[in-house]
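Proteins come first, then strands; the chains are lettered A, B, ... in the order of their sequence lines, and each starts at number 1.
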2 protein chains.
Amino acid sequence: MTTRRTGLREQKKQATRVALREAALRLALKDGPDNVRVDDIAEAAGVSPRTYNNYFSSREQAIVAAVTAERESRVATAVAARPAHVRLADALTEAILEQYTEPRDHDEVLLINASPTLRDAFLDAAAAIEHPLAAAIDQRLGDTGTPTARVLAASVAAAVRIALRQWLQPPAAPLATGGLVVPSGSLPDLLRSALAALAPALDAAEEQARQRLQQ
Amino acid sequence: MTTRRTGLREQKKQATRVALREAALRLALKDGPDNVRVDDIAEAAGVSPRTYNNYFSSREQAIVAAVTAERESRVATAVAARPAHVRLADALTEAILEQYTEPRDHDEVLLINASPTLRDAFLDAAAAIEHPLAAAIDQRLGDTGTPTARVLAASVAAAVRIALRQWLQPPAAPLATGGLVVPSGSLPDLLRSALAALAPALDAAEEQARQRLQQ
DNA sequence: AGCAAATATTGCGTGCACGCAAGTTTGCGT
DNA sequence: ACGCAAACTTGCGTGCACGCAATATTTGCT
């Protein structure tokens, strides 16, 4: 189950997709994210502007794709790779940390934060883990016929999004919120604490699945 | 804390907002959702096309807004209205069911399903419960400094979105999924079962809050 | 090798979102 | 009552997303 579909065609498609997103990233770093028109990206990648939109449905998507590569799909794979006896909550947390702790280019993070539109696109891209993740969770729970797996996957995606948003946010002015100001910690910490809130739900779902199997 | 801000200005703004969304709905029902241009809506509401986009940031938003009115903000209010001794999970479920069980116009549901773009816009609109809900949950948990409330609110929003999507979906062809085909039930049932998956997480958060208060 | 079906690319046309810089209306202090 | 400042509306210009139909490329088959 590696590369479904035919050969040369798919190869070329992947090539242009990569060409597009790399061109997009290069131009964005050079001229600033707001000074890159999709026509520029298309030209730099050697395709027509119309073709750009056959691959990406917004100007920002290509830039974001260059930064996140295929992280989204790898998360689900990483979950599936964990042994079945590991607690679901742990499997998810570890898989996500694993994927979001790659060697990061500092310039790219700054780039993404430079434009609100880009930041939103980046956060939206994280939502792409939802469907693969739902499949992976469904696999573990063997729980077809109940929306549980889908809801949990969506919740995990939401938690990731929240952690990423917090991470990207400027510490903000400490406008007396009545309490102390929490300095937005490291990304792994943020992800951990966001996912922690969901652990009980994950445990419960897993327990239910176990009981269903036993009876 | 009813109508913050000044008087006549806000009144007029609300009036045009309502005029716009009602015009949008009326035209969409008359001509079909894909045959309504934003210029038409603006004209019907007596404002310039540019002004339309000061109120709604997409063509579909006005139509959706006409159908959902202010349901999104009312959900949070409904949660806050429940007595504090009610289980958080129950308060949320009841509040949501209460808001999504209004007398519904059948035509409007059909309308929304008529166009994929419109359906997506409708589901996106449901995400608007997230922020008010986060505030309401935060209130109950008194849990500032932890992303828990935000994560739970986002998860609830996601669950609602999933339930609504399922509800809107055509029963689909029964392509042997190995098991039996589940006929998408009534909206209340769908909402209940989607939210059920999150109950353990809500309970746990509540329990933690209680312990924090006692010590 | 050659051909037909499947699939990708491209140009064109349309409608849309939104920044910007006038012009207009409303609110408020004096 | 007056007038200034803040907030809202409008027109314009630009870039973008995407449906459609024509064209080009790849593939599998014989």
Run the side-chain donor-acceptor check on residues 60-69 of chain A: report pairs under 3.5 Å with partners two or more places apart or on a different chain.
{"residue": "A:Glu60", "atom": "OE1", "partner": "A:Ser58", "partner atom": "OG", "Å": "3.2"}
{"residue": "A:Gln61", "atom": "OE1", "partner": "A:Ser57", "partner atom": "N", "Å": "3.2"}
{"residue": "A:Gln61", "atom": "NE2", "partner": "A:Ser57", "partner atom": "OG", "Å": "3.2"}
{"residue": "A:Thr68", "atom": "OG1", "partner": "A:Val64", "partner atom": "O", "Å": "3.4"}

> Can you list every ring-ring contact (aromatic ring centres under 6.0 Å, His included) pair that touches residues 93-147 of chain B, not counting sequence neighbours?
Replying inline: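 Counting only pairs at least two positions apart or across chains, no ring-ring contact (aromatic ring centres under 6.0 Å, His included) contact touches residues 93-147 of chain B.
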>> According to salt bridge (Lys or Arg N to Asp or Glu O under 4.0 Å), does anything in residues 126-142 of chain B pair up with another residue at least two apart or in another chain? List the pairs.
In response: A:Arg161-B:Glu130
Test of understanding: with side-chain hydrogen bond (donor to acceptor under 3.5 Å, both in side chains), list the residues that count as partners of [X], not counting sequence neighbours.
{"X": "A:Thr51", "value": "A:Ser48"}
{"X": "B:Glu43", "value": "none"}
{"X": "A:Gln14", "value": "none"}

> Taking five pairs at each end of the helix from C:dA1-D:dT30 to C:dT30-D:dA1, what angle separates the two helix axes (nearest 10°)?
Replying inline: 30°
> Under the salt bridge (charged side-chain N to carboxylate O under 4.0 Å, His left out) test, which residues partner A:Arg71, sequence neighbours left out?
Replying inline: A:Glu102
> Does anything in residues 16-38 of chain A pair up under side-chain hydrogen bond (donor to acceptor under 3.5 Å, both in side chains), and if so which pairs, sequence neighbours excluded?
Replying inline: A:Thr16-A:Tyr55, A:Arg21-A:Glu70
> Among residues 19-31 of chain A, which residues get a heavy atom nearer than 4.0 Å to DNA chain C?
Replying inline: none
What does the list of N/O pairs under 3.5 Å between the protein and nucleotides 24-26 of chain D look like, with a distance for each?
{"residue": "D:dT25", "atom": "O2", "partner": "A:Arg9", "partner atom": "NH2", "Å": "3.4"}
{"residue": "D:dT26", "atom": "OP1", "partner": "A:Lys12", "partner atom": "NZ", "Å": "2.5"}
{"residue": "D:dT26", "atom": "O4'", "partner": "A:Arg9", "partner atom": "NH1", "Å": "3.4"}
{"residue": "D:dT26", "atom": "O2", "partner": "A:Arg9", "partner atom": "NH1", "Å": "3.3"}

> Between atom CG in A:Asp34 and atom P in C:dG19, what is the gap in whole Å?
Replying inline: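 A:Asp34 atom CG is separated from C:dG19 atom P by 11 Å.
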> Where along nucleotides 10-17 of chain C does protein come under 4.0 Å, by heavy atom, of base (B) or sugar-phosphate alone (S), with - for untouched nucleotides?
Replying inline: BBB--SSB
